[in-house]
Amino acid sequence: MPSSSFVAAFFEMARTRPDAPALALRDRVIDYAELARLVEAAQAAVDELGIADGVPVCVPAHKSPQTIALIVACVRAGRQVLLPSAGLGAVALADMCSAVGVTHVLGAIACDTNAFELAAHTVTAYGRAVRPVEPGLLLTTSGSTGTPKTVVLSAEGVDRFLAWAAGKFGIGAGVRVLNHAPLNFDLCLLDVWTSLSVGACVELVDADQAVNGTYLAELCARRAPSVIQAVPLFFRLVTDAAARSGQVCTGVREVLCTGDAMPPGLLARVAETFPGARLWNVYGCTETNDSFAHEIAPADVIADGAVPIGTPIDGVDALVLDESGAPVTGAGTGELLVATPFQARGYFDDALNREKWRDGYFRTGDLVRRDEKGLVFLIGRHDHEVKVRGVRTNLQEVEHVVLGHPQVLEAAVVAVPDETAGNVLHAVVRRAPESELDGLGLRVHCAAGLPRTAIPGVIEIVDHALPRTSTGKVDRKSVLRQRQTHPRTTGGTR
């Protein structure tokens, strides 16, 4: 995320390393001097609009060099930039803009030349900024647990993150970093903004090819990025394609999995596809940025049966609170709260700030287990709890057990209302290619790790990919809608 310090660092790279590659997309490479010229052209175009000082602007996150230049230009001009999904509907976009005081929605017209052309339209602003106005990004949460929230990032927090990420993962001049996430994701703080602040090259994944496993695997093998950070969906697509073609990606040295739980079975395939890489599980929230970064040893995962998020990053404080709100010392389970050097100023909504922040700590809503060695494991969320025959059950904890089966690639566990049981747990499970896994075998596996009431009443085995949200997570809402529309018999398998 650009800040004033980022802008200064970027232009220093353009001065001292003008011919170094900054961005690569498809077969096009833009060096630092060319990208700096795009930024200057974008700033001149925005200045001509005459937007009042201190008013934020909106830049929908269409992935292109021109959009990146436009974001940098707006921050260079001292503005906050609301960066929503490129696919957000017109009504939702207008409401989001108005709520934070945006008057202009800006777009960079993508082209195959180094020209810059601005598209802009106005919206009616009824809101007002409730946080200090400083150059930077306004990000939104995924909305997977409710209405998306607008998060005001802190410039100094972002600067600290850029420095940490560059040092932790060896990102520097000449290093190539793959960017799979959309530009509005907080993952881009590492993929894009850390890279451009230190002279690295960002390999932008074509947004139209983001779920094309063959394209992704070939890109990893051919372009050989040193650092890859992505959600499990990316690694599932790449390893599936690599297995079909016999490819291995030997040039990658850092593989970061983030955004969702990494199934242990998938982890083994990632290790085979990227044999020279260190494997990391990275945990964080949009509101706090990364809080945990754990180097994964596949043998330990096999022993534990789950992939830990590990221990807090240096400078991060983490608390685990039990149901009464008391801190858990030593081993135990509870809600995770974190305070990081990288965290945001808060939300635009003060009511949400009072609800989610406590004495400088952010309430993640994630339920975790800390073991005797101090390693932390995700087990679910407070908002994913339901009652089955009167017993409180966490859907994500059930999913974690299902995903622990070595032949399971992905899974969604949803609660379908039932007159007798209150809810029936319905598991939709994608098995590995050529696997003979069936519902009975998975039920036996679940019985070893779950109480009887938490074993899914319906287990549906499929060979196709499950629906995904725009953030790459399994779309549990879509899965639930389908099962409510076409319910299956309790206790059945497929």
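Values in this document were obtained by computation on a predicted structure and should not be read as measured data.
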J.: Holding to side-chain hydrogen bond (donor to acceptor under 3.5 Å, both in side chains), I want the full list of residues that pass it with Glu34, two or more places apart in sequence or in another chain.
T.: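 Counting only residues at least two positions away or on another chain, Glu34 forms a side-chain hydrogen bond (donor to acceptor under 3.5 Å, both in side chains) with Asn114.
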
J.: Quick one: side chains of residues 11-18, donor-acceptor pairs under 3.5 Å with protein atoms, not counting sequence neighbours, listed by atom name and distance.
T.:
| unit_1 | atom_1 | unit_2 | atom_2 | d |
| --- | --- | --- | --- | --- |
| Glu12 | OE1 | Arg15 | NE | 3.2 |
| Glu12 | OE2 | Arg15 | NH2 | 2.6 |
| Thr16 | OG1 | Glu12 | O | 2.9 |

J.: Can a donor-acceptor pair be found between the side chains of Ser197 and Thr194 at a distance below 3.5 Å?
T.: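 No, because no side-chain N or O of Ser197 sits under 3.5 Å from a partner of the opposite role on Thr194.
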
J.: Could you tell me which residues satisfy side-chain hydrogen bond (donor to acceptor under 3.5 Å, both in side chains) with Trp280, sequence neighbours excluded, listed by chain and number?
T.: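 For Trp280, the residues satisfying side-chain hydrogen bond (donor to acceptor under 3.5 Å, both in side chains) (neighbours in sequence not counted) are Glu254.
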
J.: Identify every side-chain donor-acceptor pair in residues 264-271 under 3.5 Å, counting partners at least two apart or on other chains, and give the distances.
T.:
| unit_1 | atom_1 | unit_2 | atom_2 | d |
| --- | --- | --- | --- | --- |
| Arg269 | NH2 | Thr239 | OG1 | 3.3 |
| Arg269 | NH2 | Asp240 | OD1 | 2.1 |

J.: Do we see a donor-acceptor contact under 3.5 Å between the side chains of Ser85 and Asn184?
T.: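 No, no side-chain donor-acceptor contact under 3.5 Å.
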
J.: Is there a donor in the side chain of Asp206 and an acceptor in the side chain of Gln209, or the other way round, less than 3.5 Å apart?
T.: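 Side-chain D/A pair, Asp206 to Gln209: absent.
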
J.: Salt-bridge test for Lys149 and Glu287: reply yes if a basic N is under 4.0 Å from a carboxylate O, no otherwise.
T.: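 No, no charged N to carboxylate O under 4.0 Å.
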
J.: What residues, two or more places apart in sequence or in another chain, satisfy side-chain hydrogen bond (donor to acceptor under 3.5 Å, both in side chains) together with Lys168?
T.: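 Here no residue qualifies.
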
J.: Under 3.5 Å, side-chain donor or acceptor atoms of residues 169-181 against the rest of the protein: list the pairs with distances, not counting sequence neighbours.
T.:
| unit_1 | atom_1 | unit_2 | atom_2 | d |
| --- | --- | --- | --- | --- |
| Arg176 | NH1 | Glu203 | OE1 | 2.8 |
| Asn179 | OD1 | Lys63 | NZ | 2.9 |
| Asn179 | ND2 | Ala181 | O | 3.2 |
| Asn179 | ND2 | Asp191 | OD2 | 3.3 |
| His180 | NE2 | Ala210 | O | 2.9 |

J.: Which residue pairs pass the side chain to side chain donor-acceptor pair (under 3.5 Å) test when at least one of the two sits in residues 241-251, sequence neighbours left out?
T.: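 Sorted pair list: Ser245-Gln247.
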
J.: Can you give the donor-acceptor pairs under 3.5 Å from side chains of residues 45-55 to other protein atoms, not counting sequence neighbours?
T.:
none

J.: Test of understanding: with side-chain hydrogen bond (donor to acceptor under 3.5 Å, both in side chains), list the residues that count as partners of Ser226, not counting sequence neighbours.
T.: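 With neighbours one apart ignored, the set is empty.
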
J.: Kindly write out the residues that satisfy side chain to side chain contact (heavy atoms under 4.5 Å, CB included) with Ala41, not counting sequence neighbours, or none if the list is empty.
T.: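 Counting only residues at least two positions away or on another chain, Ala41 forms a side chain to side chain contact (heavy atoms under 4.5 Å, CB included) with Phe116.
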
J.: Does Val282 offer a backbone N or O that forms a donor-acceptor pair with the side chain of Thr258 under 3.5 Å?
T.: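 Such a contact is found between Thr258 side chain and Val282 backbone.
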
J.: Which pairs, with at least one residue in residues 40-87 and sequence neighbours excluded, count as a ring-ring contact (aromatic ring centres under 6.0 Å, His included)?
T.: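 The answer is none; no pair qualifies.
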
J.: Using the test side chain to side chain contact (heavy atoms under 4.5 Å, CB included), find all partners of Leu403 that sit at least two apart in sequence or belong to another chain.
T.: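 Per chain and number, Leu403 pairs via side chain to side chain contact (heavy atoms under 4.5 Å, CB included) with Pro263, Val408, Ala411.
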
J.: Do other residues, nucleotides or ligands put more than 12 heavy atoms under 6.0 Å from Glu434 CD?
T.: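 Count not over threshold, so no.
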
